Amino acid sequence: VRLQASGGGSVQTGGSLRLSCAVPISSYYAYVVSWYRQAPGKQRELVARVTSTDDKHHAAAVKGRFTVSQDAAVNTVYLQMDNLKPEDTAVYYCNANLGGAQYWGQGTQVTVSS
């Protein structure tokens, strides 16, 4: 299984981006898909996740600004990021637990300038 993350870029403070992760969620009964990010010199941290039952979790730092969603019809999990701040600058990764096996996608860079 190969995950493909896309949608990163450079925006100014207050801007928006939507990240997409291509992941074959329609092929699995149980799954969790998560977005992580890693800023230079910092540990990778969980940003948001969504499950096969559509339960969603958002980290406190992004709650109210970021929204995770999924569309099984196109096998994609999204991360809508609004009101971006410079501290959101990081490489964003998607991670999937599909039927008990874990997969990582390549990262996509998000840069927010003040």
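All of these numbers come straight from a predicted model, not from anything done at the bench.
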Note, [X] side chain near [Y] side chain (heavy atom, < 4.5 Å):
X	Y	value
Val110	Thr89	no
Leu98	Tyr103	yes
Ser26	Asn75	yes
Gln12	Val112	no
Met81	Tyr92	yes
Cys21	Gln4	no
Val77	Trp35	yes

Which ILVMFWY residues can you reach from Val32 by hopping between side chains whose heavy atoms are under 4.5 Å apart?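 Via sub-4.5 Å side-chain contacts, Val32 links to none.
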
Give me the atom names and distance for the closest heavy-atom approach of [X] to [Y].
X	Y	value
Tyr36	Val47	C-CG2, 3.9 Å
Val68	Ala48	CB-CB, 4.0 Å
Tyr28	Gly99	CD2-N, 3.9 Å
Leu19	Gly8	CD2-N, 3.5 Å
Ile25	Ala72	CD1-CA, 3.8 Å
His58	Val62	CB-CG2, 4.3 Å

Find out whether the Lys NZ or Arg CZ of Arg44 is both under 6.0 angstrom from the six-membered ring centre of Trp104 and within 45° of the ring's axis.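 Satisfied, under 6.0 Å and within 45°.
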
Spacing of [atom1] belonging to [X] relative to [atom2] belonging to [Y], to within rounding of 0.5 Å:
X	Y	atom1	atom2	result
Leu3	Asn95	CG	CG	7.5 Å
Lys42	Glu87	NZ	CD	8.5 Å
Ser16	Asn83	OG	CG	8.0 Å

I'd like to know whether Gln38 forms a side-chain contact (heavy atoms from CB on, under 4.5 Å) with Tyr93, so could you lay out the CA-CA distance, the side-chain angles of the two residues, the decisive distance to 0.1 Å, and finally the verdict. CA-CA 8 Å; Gln38 187 166 20; Tyr93 299 89; 4.3 Å; yes

Strictly by modelled atom types, are Asp71 and Thr76 linked by a side-chain donor-acceptor pair under 3.5 Å?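 Not at all, the side chains of Asp71 and Thr76 share no donor-acceptor pair under 3.5 Å.
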
Check: [Y] main-chain N/O paired with [X] side-chain donor or acceptor under 3.5 Å:
X	Y	answer
Asn97	Val33	no
Gln106	Ala5	yes
Thr13	Ser113	yes
Glu45	Ala59	no

With a 4.0 Å cut-off, would you call Arg37 and Asp88 a salt bridge?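 Answer for the salt bridge query: yes.
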
Candidate pair Phe66 and Leu84, rule side-chain contact (heavy atoms from CB on, under 4.5 Å), full reasoning: CA-CA 9 Å; Phe66 292 11; Leu84 283 159; 3.7 Å; yes

